2 protein chains.
Amino acid sequence: MAKKRPSSKHKILAAAVELAHDSGPGSLSLEAVAKRAGISKGGLLYHFPSKAKLMQGLVEAYLKDFEAALDAATNPAKGKGEDLMSAYVRLSLIACDETHPPAAWIFSAMAEDPDFLNPLNEFRRRLLDRLKAHTPDLANVLTVFFVIEGLHSMKLFGANLVSDDERKLIDQNLLAMAQGRKPVIR
Amino acid sequence: MAKKRPSSKHKILAAAVELAHDSGPGSLSLEAVAKRAGISKGGLLYHFPSKAKLMQGLVEAYLKDFEAALDAATNPAKGKGEDLMSAYVRLSLIACDETHPPAAWIFSAMAEDPDFLNPLNEFRRRLLDRLKAHTPDLANVLTVFFVIEGLHSMKLFGANLVSDDERKLIDQNLLAMAQGRKPVIR
DNA sequence: TTGACAATACCGTCCAGACGGTACAGTAAA
DNA sequence: TTTACTGTACCGTCTGGACGGTATTGTCAA
């Protein structure tokens with residue numbers, strides 16, 4: 001709340017995400033981000049007074065987006081009221097598909113200071129706890145969760161290890177497991 | 001082969017791995033690595049004439065270790081002649097347990113240049129191909145593979161998301177699936 | 001209505017420090 | 001004599017960040 005002028009901050013964060021993705025995580029300098037965002041370095045430092053704050057901003061924006069999507073999907077007042085597990089799987093798979101660029105900035109943050117990613121880890125922990133609470137089959141939850149983590153990891157490292165058909169099979173299986181159905185054997 | 005004097009190179013690589021782990025991936029400078037290895041910067045540059053070569057060395061050593069372990073486990077002439085899938089799962093789980101430090105240097109390499117990790121991705125691709133060729137159930141192979149990738153990822157990012165019991169359950173399930181048995185539901 | 005002031009949103013410059021890498025002279029063992 | 005270093009000095013580049021300045025847009029008392 002209380003955000004009247006998101007325009008510049010958003011532009012900066014978007015620029016950082018793009019830059020990390022297509023120039024490599026190593027080229028995420030303040031000057032380069034500023035240039036990409038179309039402002040000066042001084043201007044960037046006005047909005048994010050240190051590089052650490054920029055990194056925090058990236059993590060927060062990333063988290064906020066996913067949380068908002070999850071909330072929108074599962075909150076009955078806002079839409080379909082999908083169950084948590086299905087929404088989590090569906091949204092995660094969307095984030096892992098070919099149309100979405102990987103979050104390469106994560107490597108920049110990690111190289112800068114691993115602690116920057118603590119909020120991300122804590123979020124994942126809370127999410128896994130919620131998933132466990134929502135379904136009786138622990139092994140099922142863990143399998144689904146870690147397969148998705150694996151897909152994320154593959155995406156992040158830019159490794160395309162599966163064909164389209166294999167990916168479809170994985171997706172179908174995960175969605176089936178999320179709904180408590182039998183996995184597809186093919 | 002043709003390696004008569006592994007001592008210094010090994011010391012340097014080990015120092016880099018340790019340093020990335022306990023001072024963070026961002027502090028992997030040549031000077032720092034040399035100091036940790038107990039040699040001078042000039043001495044380091046004698047063995048690895050550039051930082052890029054050091055990174056390549058890290059990737060190669062990492063790969064060589066895992067390949068050697070896999071080979072030793074599956075080659076009947078050398079030992080038990082374990083089947084590929086079981087050996088892969090078992091060794092991967094060992095690499096992911098609490099006693100082994102995460103390969104934090106991967107983030108340094110990624111920040112430097114994502115291409116450094118190409119050999120790693122190619123190795124994974126070949127491994128997955130071999131696993132697919134060895135078992136009839138594609139969905140099973142993919143599930144096992146990506147759960148392990150997910151565990152690796154969690155380890156890498158230093159997120160401890162599961163309890164000891166949960167981890168045991170995952171391990172049992174993976175080993176069971178590797179042997180074509182039914183997964184444990186608990 | 002106007003003049004004084006202040007907050008916002010930047011720009012452009014400068015600097016100290018870190019880093020990768022080079023050069024080179026010396027050394028000690030095999 | 002070659003191999004395998006050590007140690008020091010140095011260079012060019014990049015980077016985070018501090019800082020001073022500026023244009024624009026309110027705000028508000030006289």
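Since the structure is predicted, the reported quantities are computational estimates derived from the model, not experimental observations. Below, chain A is the first sequence line, B the second, and so on; all start at residue 1.
- Listed nucleotides: dC11(C), dT8(C), dG17(D). Nearest to the side chain of L30(A): dG17(D).
- Rounded to a whole Å, the NZ atom of K35(A) is 15 Å from the P atom of dG16(D).
- Distances shown here put a side-chain N or O of S8(A) below 4.0 Å from the OP1 or OP2 atom of dC10(C).
- Using the six-membered ring where Trp is involved, F66(B) and Y88(B) have ring planes that are perpendicular, over 60° apart on the 30 and 60° scheme.
- Proximity of H47(B) to the phosphate of dA4(D): no side-chain N or O atom is located under 4.0 Å from OP1 or OP2.
- For a distance-only test at 3.5 Å, the side chain of K41(A) qualifies as a donor-acceptor partner of the base of dG17(D).
- Among the protein residues, L45(B) comes within range of the nucleic acid bases, having at least one heavy atom under 4.0 Å from a base atom.
- Spacing between atom CD1 of I39(A) and atom P of dC11(C) amounts to 6 Å, rounded to whole angstrom units.
- If you take CD1 of I12(A) and P of dA9(C), they are 11 Å apart, rounded to a whole angstrom.
- When rounded to the nearest whole Å, the span between NZ of K9(A) and P of dT8(C) equals 12 Å.
- What separates CG of L44(A) from P of dG12(C) is a distance of 14 Å, to the nearest Å.
- Here the nucleotide nearest the side chain of K51(B), chosen from dC10(C), dG20(C), dG7(D), is dG20(C).
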